[in-house]
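Throughout, a chain's letter reflects where its sequence line sits, starting with A, and its residues are numbered from 1. Side-chain atoms are counted along with the backbone in the values below, which use heavy atoms only and exclude waters and symmetry mates.
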2 protein chains.
Amino acid sequence: MAPRTDPPRPDPLTLEVVELIGEVVSRYHEEYDEAAAKHSLTGAQARVLGLLSIEAMPMRRIARKLKCEPSNVTGIVDRLEARGLVERQPDPADRRVKLAAVTEDGRRTAARLRASLDFAREPLGELSDDERTALRDLLKRMLGY
Amino acid sequence: MAPRTDPPRPDPLTLEVVELIGEVVSRYHEEYDEAAAKHSLTGAQARVLGLLSIEAMPMRRIARKLKCEPSNVTGIVDRLEARGLVERQPDPADRRVKLAAVTEDGRRTAARLRASLDFAREPLGELSDDERTALRDLLKRMLGY
DNA sequence: TATTGTTATACTCTATAACTATA
DNA sequence: TATAGTTATAGAGTATAACAATA
């Protein structure tokens, strides 16, 4: 008896797109980690610093953003705090909560990091305005937006 | 004095595309790691198993594919070998080299893993043939191919 | 009782450096 | 000498479970 829901055999075109997306993912990480390393940060540290440069937030929320366990955030913020890029602040509304916030130094580092990343992502500059619009719409459809 | 090569201020459209690519990267990993976990594999183990299911190769080449140090591959292959999914074979042409090759069990696991991934990547099924062609061409241009 | 953050523990991945056996 | 693979080591990220303080 054949299984009822055989996965559809992917056509060559789909396979090609999947492979290209894999390549995009690989490049994205390569460039992200390289930019982070320039500031002696790991990928996870750079992500948290970037998050906190937008707004301060409780440890728990960082974990949700990173899709990891809250216990891990303790260590990542510890290391950022040891370097003076982030500090823990009490939450006036709830004494259980600790708000992680960037310091002035952290704000500057996050800005430089973002600039490196924008530069690294410049491949998009190869595309015309119409092409970027088309790419945006296709990606949105693919993501189900 | 203004710096000579100010990074071009990214326009809103480019920013939107960059954000969408970030979302694609996030989904890609979420689905990849989830598929790997279903078979009690880590992401790195699943990648190596996938590589070796295409062709056996020396440890050194695995490291180049993974863009990591050769010493790391030792541990990853150790763990795959301990589970009987992979085995080390001598290279008749060069006695320094060890070829890592999937076992029959590893071949089956890799096939099931690939099926999970194909299913997870089905969002592409939402797109018509013309749209997938357009997406392929835009991604290729973006990647500089 | 439930929630927030932390600690303790164990595992995996990572890079670096030193080692071995071959070439 | 140079190369392939390994070992030893240390640091970082990860999940799980148990804990103290607060709600």
**Q** Rounded to the nearest Å, what distance is computed from the CZ atom of residue B/Arg60 to the P atom of nucleotide D/dA2?
**A**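 About 14 Å, once rounded to whole Å.
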**Q** Grab the CG-P distance between B/Leu41 and C/dC11 for me, whole Å please.
**A**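 So the two atoms are 17 Å apart, to the nearest Å.
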**Q** Take the protein atom CG of B/Asp33 and the nucleotide atom P of C/dT12, then report the distance between them rounded to whole Å.
**A**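 Taking CG of B/Asp33 and P of C/dT12, I get 15 Å after rounding.
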**Q** Figure out the CE/C1' separation between B/Met59 and D/dG5, and round it to whole Å.
**A**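 Taking atom C1' of D/dG5 as the reference, CE of B/Met59 is at 7 Å.
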**Q** By the rule that ILVMFWY residues connect when side-chain heavy atoms come within less than 4.5 angstrom, directly or transitively, which residues belong alongside A/Val86?
**A**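 Traced through the cluster, A/Val86 reaches A/Leu41, A/Val48, A/Leu49, A/Leu51, A/Leu52, A/Met57, A/Met59, A/Ile62, A/Leu66, A/Val73, A/Ile76, A/Val77, A/Leu80, A/Leu85, A/Val102, A/Leu113.
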**Q** Should A/Lys38 and A/Asp33 count as an ion pair when the cut-off is N to O under 4.0 Å?
**A**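 Salt bridge: no.
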**Q** For B/Gln89, does the CD atom have more than 12 heavy-atom neighbours from other residues, nucleotides or ligands under 6.0 Å away?
**A**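 Yes - once you tally the heavy atoms of other residues, nucleotides and ligands closer than 6.0 Å, there are more than 12.
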**Q** About how many Å separate CG of A/Asp78 and CD of A/Gln45, when rounded to the nearest 0.5 Å?
**A**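 Taking CD in A/Gln45 and CG in A/Asp78, the distance rounds to 10.5 Å.
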**Q** Among the clusters formed by ILVMFWY side chains lying less than 4.5 Å apart, do B/Tyr32 and B/Ile54 turn up in the same one?
**A**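 No, B/Tyr32 does not connect to B/Ile54 through the hydrophobic network.
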**Q** How would you summarise protein contacts on nucleotides 11-20 of chain D per nucleotide, using B for base, S for sugar-phosphate only and - for none, with heavy-atom distances below 4.0 Å?
**A** -SSBBBB---
**Q** What is the distance from CG of B/Asp78 to C1' of D/dG5, rounded to the nearest Å?
**A**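 The answer, rounded to whole Å, is 11 Å.
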**Q** What does B/Arg88 touch in the nucleic acid at a heavy-atom separation under 4.0 angstrom: a base, only the sugar-phosphate, or nothing?
**A**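 Sugar-phosphate, backbone atoms only, no base.
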**Q** Salt bridge (Lys or Arg N to Asp or Glu O under 4.0 Å): which pairs involve residues 127-145 of chain B, sequence neighbours left out?
**A**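 Residue pairs with at least one partner in residues 127-145 of chain B: A/Asp11-B/Arg132, A/Glu16-B/Arg136, A/Glu16-B/Lys140, A/Glu131-B/Arg141, A/Arg141-B/Glu131, B/Asp129-B/Arg132.
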**Q** Measure NE2/A/His29 against P/C/dT14 and give the value in whole Å, please.
**A**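 Value for this atom pair: 11 Å.
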**Q** B/Lys98 has an atom NZ; how far is it from atom C1' of D/dG5, in whole Å?
**A**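 Atom NZ in B/Lys98 sits about 6 Å away from atom C1' in D/dG5.
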**Q** List, by chain and number, the other hydrophobic cluster members for A/Leu99, where Ile, Leu, Val, Met, Phe, Trp and Tyr join if side-chain heavy atoms come within less than 4.5 Å, directly or indirectly.
**A**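 A/Leu99 shares its hydrophobic cluster with A/Val97.
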**Q** Between protein and nucleotides 18-23 of chain C, map the contacts as a letter string: B base, S sugar-phosphate only, - none, heavy atoms under 4.0 Å, written 5' to 3'.
**A** ----BS
**Q** For residues 67-76 of chain A, pull every pair meeting salt bridge (Lys or Arg N to Asp or Glu O under 4.0 Å), keeping only residues two or more places apart or in separate chains.
**A**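 Listed once each, the pairs are A/Lys67-B/Glu30.
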**Q** Could you state the CD1-P distance from B/Ile62 to D/dG5, rounded to the nearest angstrom?
**A**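 It is 8 Å, rounded to the nearest whole Å.
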**Q** What distance separates B/Met142 CE from B/Leu135 CG, expressed to the nearest 0.5 Å?
**A**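 That separation rounds to 10.0 Å.
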